[in-house]
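Here's the structure, in structure tokens; my notes come after.
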Amino acid sequence: MPITKAVVPVAGLGTRLLPATKSQPKEMLPVGRKPVVQYVVEEIEDAGLRSVLFITGRSKTAIEDHFDRDVELRRSLTTNGKHDLLDALAYEDANVEFFYTRQSEQLGLGHAVALGESYTEGQPFVIALGDSIIESQGTPSVLRRLIDAFEATGATAAIAFEEVPEDHVHRYGIAAPADGALPGVGDDVFRVADLIEKPSQAEAPSRLAISGRYVVSSAIFDALRKTGKGKGGEIQLTDAFRILLAEGHPIVGMRFRPGEKRHDIGNYGSYFRTFLHFALQDPDCGDGLRAAIREELGL
Ligand code: G1P
């Protein structure tokens, strides 16, 4: 049976982005012309998935509004002949069905994912974090290759990893890769021996960081039930994968290829960079922005 469902956690408070996120979700912050979460949904649709469950929270209703078909706005744009603006709403026609449920308490990413149990109906599914944009180079995309790796290896989970600088390992879940190649898959897929959530540099077994994209079987839910509080006093998804590994479940990792990148909007430094990266690629405004930056910098 093909994988068709994605669980997209968007319940985080976004406190590192206050005051911008006081009354709007961080996932709705614009990156170029689109809110972050629209990139995530487009990535999911491009990978062939057809259904998304958002795990939302208070102050997140703007996400639901964004993906709702706004018939009145369309009618008014059509009446006024604003066809170029109608094009900007084409994403509303995505071949994806949306579902929403709430995480009422901030008990961690693992707790948020656990709320997807009845939605996923015992089938494997994708987890895509709603605050990260994954830029793929060409096709198949990172997410599509991750689904393929999950299916080809028969692993209980497949996780995408990006290599990060040593002084950033404390921000991520970090993998200890197992030795030896896996048969039947490309060099970028490896067996995961262990995972550790947000280690210090001394503790980190590698620089391979969990990048916010996972494919998992329903075994994750039993593991989440056994997962106690971890880093930050929260139920960590990484710790549930650790339980699966300890129980002998195979988990594979997939490295990004050259040119592939995770764009993070977790703090203002990375958000500004991400915005700039995508705004510079804008077909109408990119060149003008480049010139303006040169002027600002006195170049
Ligand atoms: C979460 C995960 C972490 C992962 C990161 C980026 O952390 O717990 O393992 O590396 O997302 O995908 P957060 O950024 O929510 O603190």
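Just so you know, these numbers come straight off a predicted model, no measurement behind them. Numbering of ligands and ligand atoms starts at 1, following listing order. We count residues from 1, following the sequence as given.
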Below 3.5 Å, can you tabulate the donor-acceptor pairs from side chains in residues 292-299 to any protein atom, sequence neighbours excluded?
none

Show me the donor-acceptor pairs within less than 3.5 Å that the side chains of residues 158-168 make with the rest of the protein, sequence neighbours left out.
unit_1: E162; atom_1: OE2; unit_2: R262; atom_2: N; d: 3.2
unit_1: E163; atom_1: OE2; unit_2: R207; atom_2: NH2; d: 3.1

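Under a 4.0 Å N-O distance rule, the pair R257/D187 does not qualify as a salt bridge.
Residue-level contacts of ligand 1 at the 4.0 Å heavy-atom threshold are L109, L129, Y172, G173, E197, K198, I210, S211, G212, Q236, T238, R262.
Using a 30° and 60° split on the angle between ring planes, F275 and Y271 fall in the perpendicular class, above 60°.
Partners of H277 by ring-ring contact (aromatic ring centres under 6.0 Å, His included), not counting sequence neighbours, listed by chain and number: H263.
Ring centroids of F125 and F221 are separated by less than 6.0 Å, placing the two rings close together.
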